[in-house]
Amino acid sequence: MDKTYSPHDIEGRIYRHWEENGLFTPAGDGPPFCIVIPPPNVTGTLHMGHAFQDTIMDALTRFHRMAGDRTLWQPGTDHAGIATQMVVERQLNAEGRTRYELGREGFNERIWRWKEESGGTIARQMRRLGASVDWTRDRFTMDPGMSQAVQDAFVRLHAQGLIYRGKRLVNWDPVLKTAVSDLEVQSEEETGSLWHIRYPFADGKGHVTVATTRPETMLGDVAVAFHPEDERYRGFAGRKLALPLTGREIPLIADAFADPAFGTGCVKLTPAHDFNDYEVGLRLGLPLINILTADAKISDEAPKPYRGLDRFEARKRIVADLEAAGLLEKIEPHKLTIPRGDRSGAVVEPWLTDQWYVRIAPLAAPAIRAVEQGQIRFVPENWDKTYFEWMRNIKDWCISRQLWWGHRIPAWYAPDGTIHVGRSEGEVRKQDGIPASVPLRQDEDVLDTWFSSALWPFSTLGWPDKTKELETFYPTSVLVTGFDIIFFWVARMIMLGLHFTGEVPFREVYVHGLIRDQDGQKMSKSKGNVIDPLDIVDGIGLPELLAKRTTGLMQPQLAPAIERATRKQFPGGIAAHGTDALRFTFASLATQSRDLRFDLGRVEGYRNFCNKLWNAARFVLMSTEAPLVDGPEEFSAYDRWIRSRLHATIAGVREAFTAYRFDLAAQAVYEFTWYEFCDWYLEFSKPVLQSGTSAPAQLRGTRRTLVETLETLLRLLHPLMPFITEEIWQRVAPRAGKTGTSIMRQPFPATLPDAAVPEIEAEMRWVMDFILGVRRIRGELDIAPSVQIPARLQGASPDDLARFARNEAVIRRLAGIAGATPLAAGEAPPQAAAALLGELRILVPMAGLIDVDAELARLGKRRSKLEQELARATAKLGNENFVRNAPAEVVAQERERIAGFKRELAQLAEQHERVTSLR
RNA sequence: GGGUGCUUAGCUCAGCUGGUAGAGCGUCGCCCUUACAAGGCGAAUGUCGCAGGUUCGAUCCCUGCAGCACCCACCA
């Protein structure tokens, strides 16, 4: 083995080994465990969030696979309707072409080609991250099978009256020229204006003033309303107003919808362009005047001078015309929320169109119940509040999109306007008895991407067919997802899953936080703070990193600032850290926090951890032989101690995995590996291995323990760090008497009931404290490591002496003392620095070694600390209520502490005196 | 307007059912001691956001306040 761990050399080889041996396929006859992957965009690349999520899913998958479950991690990708269409459209635009030139079919062919070219990227990246998905079951939402599931779901919902077509106001994205759902609209607060406009009475006698944030929509006004109890306007009800610039007359009406406190108390009603006005219009039977075209220009419904103008251009013109006519009373600055399409960024218009909707209330009710009754559990639990909040206020879901890329809606129109829904034109003709002579035209629209996503947990397993996989793995075990798509995806899977299968799609939803950069900022291309997870794995030079971050920006003017920030943060680019270090970092980031700050420094720390493990393995391998020599084995206290600690760690890790606390799992295994196994046990083993005087049985016991502890530790670490553990395991396993193709299929460590040995742990605590005490003196008094000090023991109990005798070799080596002889009865203690261990005093004679002032300072510091503690504990015991009410063991413990403090203080005083006399 | 979180060492974060404040990174000493300088040994650092309350005892439970996030919502 090399002296330094170099991940690059082994990761690719190991992944191929796993895949070629079919190790990702469910095996055995244990209880099923299944995770379906949240499908990434097929044409995309993995970002840090994916890598994080994949790490968690892979850890869970590997954990359950090792635990003997029949484990499936179902992979796949999503066609991501709008996102993909936009990307390809932009490519076309760059070539100076548009999708309309290609036509629907040509455009879709082009997307499919792009998918074939770029679709492998994600799979390649996932392999690099060690994802143990079952590639043989890879799915794509537009595969024939998936598409059939989508069609089937649509047809069934329609037949059940849960899908309908309706004309109403929708959120219209005038750039993408499609309807979008409420969820795809992002409302941001922006500063705009409130225009106060006079609407004269038709009879020429006076006017009312309305306040609006959207003056251009006045072209579509059909009424003005005031509150029935608004004194200012009472009596005006029913009078006609001359709508400026249009030559139309509209009524002034009294309606409680108007808020007397806002603006002037008069509100203009534009039912075709405002969701509220639409409701009022419906209620009052007002007409609808649609003054906008699909690309948000003024339509022919409006007066001639404004037709064809863009909405914002029209606004300027209208305001100017009103001002010229003396009808503009004033303009006030006004904060308002502007709705924008989450993909295009365009201001979304409420627009009147025909769309398909899912009637959601009947689906939501059981989905709410499933969570209320605990058939589905959110982790962390309080995400259910968010879920309930949304589900209880949910509105019908607009599922049609005016796009070309996606699942075409399986509905056909006859010339008489009737709509026929079915799986194909043939089926429709047959079921509805439409002769071939009657032409049928299929709906042009496609379905919202999230419609197919909502079916994902069962469509990937074969639904609507009753497959073996569906029967085995559905309901799936856990969904791993970010909180940002609870509404988009999680809620919809629950609704449609329950509806179509009668069962929940998953039993638990693990909701993780979102990865942000080191400053807590969201990672995005335009901020220039994106890190490609594979650049952390493989490393990247500064020039390449700069190029990656500054090319293809939507706003190229940001490039210099991005370059500056990047140079500052990564002056030498990014070093290679390997997949395992990155994965371990992700695991340790997986706290219950919502925002997870990614800091490269931590990856570096965990890369060092990999190196530590690697070198510990080197030590074990060079200290043992393969196979271990048979014969009687004698296990030392150290052997039993590390075994005891190992099993405590195993218990902790298992518990953490079960609770989805990957951070705690990572911490437990890190601490065991570094602080117990490496810092102590390996050092304990050296005297036995290297003294040359150890009995063969002792040697065998220590070697056995070294190998078995390491081998178990590797299995414990494997779900988090699959590559390095596999690489080492292949070498260590034979010595542990294990055979197997891979560590992947070895059992996950289980706790042994007899492993915990409290007496041994207590003795080792004593040994370690002894060593630490001496080391502290050495450190503080600057005694060179090469100097072997002769220590003396004062006040040693028979127990102390026995412990020292049993552990002398280890203590001498690790504390760097030449020996430690007890003071003879009546012998005066030498001038010495002292470490206290209960009643025992470890004396380090100071002759020629010690700086008196330094030692006095050290004693003084310790004393003030003890005095503080003593004061606090004494006050506590002085409180009668404490003594009366606190549990007996707490009180007793407090008394013991006080005794200890007092004893130590007395010794300190004595020591202080003795050192002072050295002056 | 409604809802959900967060506030602990210079930075990033743990802290399980209330009982002596922890880690990583960074900082400061001393060491190239044959597993590891991507290392070893040692050290320093916290009125646990503020104010009340419950309790013998609060970082932890309750109330209020402040600051910071995020989500939902149609106020023209």
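Naming: A, B, ... by sequence-line order, numbering from 1 per chain.
Within 4.0 Å of L772(A), counting heavy atoms only, lie sugar-phosphate atoms of the nucleic acid but no base atom. When heavy atoms are screened at a 4.0 angstrom cut-off, E869(A) is found touching base atoms of the nucleic acid. Among the atoms of the strands shown, none is found under 4.0 Å from any heavy atom of E889(A). Nucleic acid contact class of A258(A) (heavy atoms, under 4.0 Å, all strands): base. Among the atoms of the strands shown, none is found under 4.0 Å from any heavy atom of L194(A). Heavy atoms of D679(A) sit under 4.0 angstrom from primed sugar atoms or phosphate atoms, though from no base atom. Across all strands shown, K686(A) has heavy atoms under 4.0 Å from base atoms, whether or not it also approaches the sugar-phosphate. If you check every strand for non-hydrogen atoms under 4.0 Å, R897(A) touches a base. Among the heavy atoms of the strands lying under 4.0 Å from W674(A) are primed sugar atoms or P, OP1, OP2 only; no base atom is included. Residue-level contact check: P350(A) touches neither bases nor backbone, having no heavy atom under 4.0 Å from any strand. At a threshold of 4.0 angstrom between heavy atoms, the contacts of R516(A) with the nucleic acid are absent.
Applying the salt bridge (Lys or Arg N to Asp or Glu O under 4.0 Å) test to residues at least two apart or on different chains, the pairs with a partner in residues 664-681 of chain A are R645(A)-E676(A). For residues 868-877 of chain A, the pairs satisfying salt bridge (Lys or Arg N to Asp or Glu O under 4.0 Å) are E869(A)-R897(A), with sequence neighbours left out.
Proximity of L621(A) to R735(A): side-chain heavy atoms (C-beta onward) are separated by under 4.5 Å at one or more points. L596(A) is not listed as a side-chain neighbour of L514(A), based on a closest heavy-atom distance of 4.5 Å or more. Residues R778(A) and I789(A) meet the side-chain proximity criterion, which asks for heavy atoms closer than 4.5 Å. In this structure, the side chains of L613(A) and L713(A) come closer than 4.5 Å at one or more pairs of heavy atoms.
In this structure R812(A) satisfies the side chain to side chain contact (heavy atoms under 4.5 Å, CB included) test together with E808(A), I817(A), sequence neighbours excluded. Legend: residues meeting side chain to side chain contact (heavy atoms under 4.5 Å, CB included) with Q788(A), ordered by chain and number and at least two apart, are A818(A). Under the rule for a side chain to side chain donor-acceptor pair (under 3.5 Å), the partners of K330(A) that lie at least two apart in sequence or sit in another chain are E332(A). Residues satisfying the side chain to side chain contact (heavy atoms under 4.5 Å, CB included) test with D599(A), not counting sequence neighbours, are R602(A).
A heavy atom lying under 4.0 Å from RNA chain B marks the following residues of residues 585-596 of chain A, by number: T591(A), S593(A), R594(A), D595(A). Applying a 4.0 Å cut-off to non-hydrogen atoms, the residues of residues 265-282 of chain A that approach RNA chain B are G265(A), V267(A), N276(A), listed by residue number. Residues from residues 878-886 of chain A placing a heavy atom under 4.0 Å of any atom in RNA chain B, listed by number, are N879(A), N881(A), F882(A), N885(A), A886(A). Contacts between residues 609-621 of chain A and RNA chain B, counted as heavy-atom distances below 4.0 Å, involve N611(A), K612(A), N615(A), A616(A), R618(A), F619(A).
Comment: R214(A) engages E216(A) in a salt bridge, judged by a side-chain N to carboxylate O separation of less than 4.0 angstrom.
Across the C1' atoms, U17(B) and C31(B) are found 46 Å apart, a figure rounded to whole Å. Here the separation of U54(B) from G10(B), taken at their P atoms, is 33 Å to the nearest Å. Atom C1' of A69(B) sits at a distance of 34 Å from the matching atom of U20(B), rounded to the whole Å. To the nearest whole angstrom, the two C1' atoms, one in C16(B) and one in C60(B), are 11 Å apart. Taking atom P in both C62(B) and G5(B), the straight-line distance is 11 Å, to the nearest Å. Atom P of C25(B) sits at a distance of 15 Å from the matching atom of G42(B), rounded to the whole Å.
Using cut-offs of 30° and 60° for the angle between ring planes, the F262(A) and H334(A) rings count as perpendicular. Note on ring orientation: taking the six-membered ring where Trp is involved, the planes of W390(A) and F487(A) are parallel (angle under 30°, cut-offs 30° and 60°). Using cut-offs of 30° and 60° on the angle between ring planes, the pair Y670(A) and Y606(A) is perpendicular.
Scanning RNA chain B 5' to 3' for nucleotides with an atom closer than 4.0 angstrom to a non-hydrogen atom of chain A gives a first and last hit of U4(B) to A76(B).
When the nearest nucleotides of RNA chain B are assigned to R607(A) and T212(A) by heavy-atom distance, the more 5′-ward of the two goes with R607(A).
N611(A) contributes a side-chain N or O that, together with a main-chain N or O of Y5(A), makes up a donor-acceptor pair within less than 3.5 Å. Checking side-chain atoms of N615(A) against main-chain N and O of R618(A) turns up no donor-acceptor pair under 3.5 Å.
The CZ atom of R492(A) sits 10.0 Å away from the CE atom of M391(A) when rounded to the nearest 0.5 Å.
The six-membered or imidazole ring of F598(A) lies away from that of F52(A), with a centre-to-centre distance of 6.0 Å or more. Aromatic rings from Y638(A) and Y681(A) are positioned such that their centres are separated by 6.0 Å or more. For an aromatic pair to be called close, the ring centres must be under 6.0 Å apart, and F483(A) with W383(A) satisfies this.
For RNA chain B, the stems formed by at least three consecutive Watson-Crick or G-U pairs, with both atom-pair distances below 3.5 Å, span B:1-7 with B:66-72, B:10-13 with B:22-25, B:27-31 with B:39-43, B:49-53 with B:61-65.
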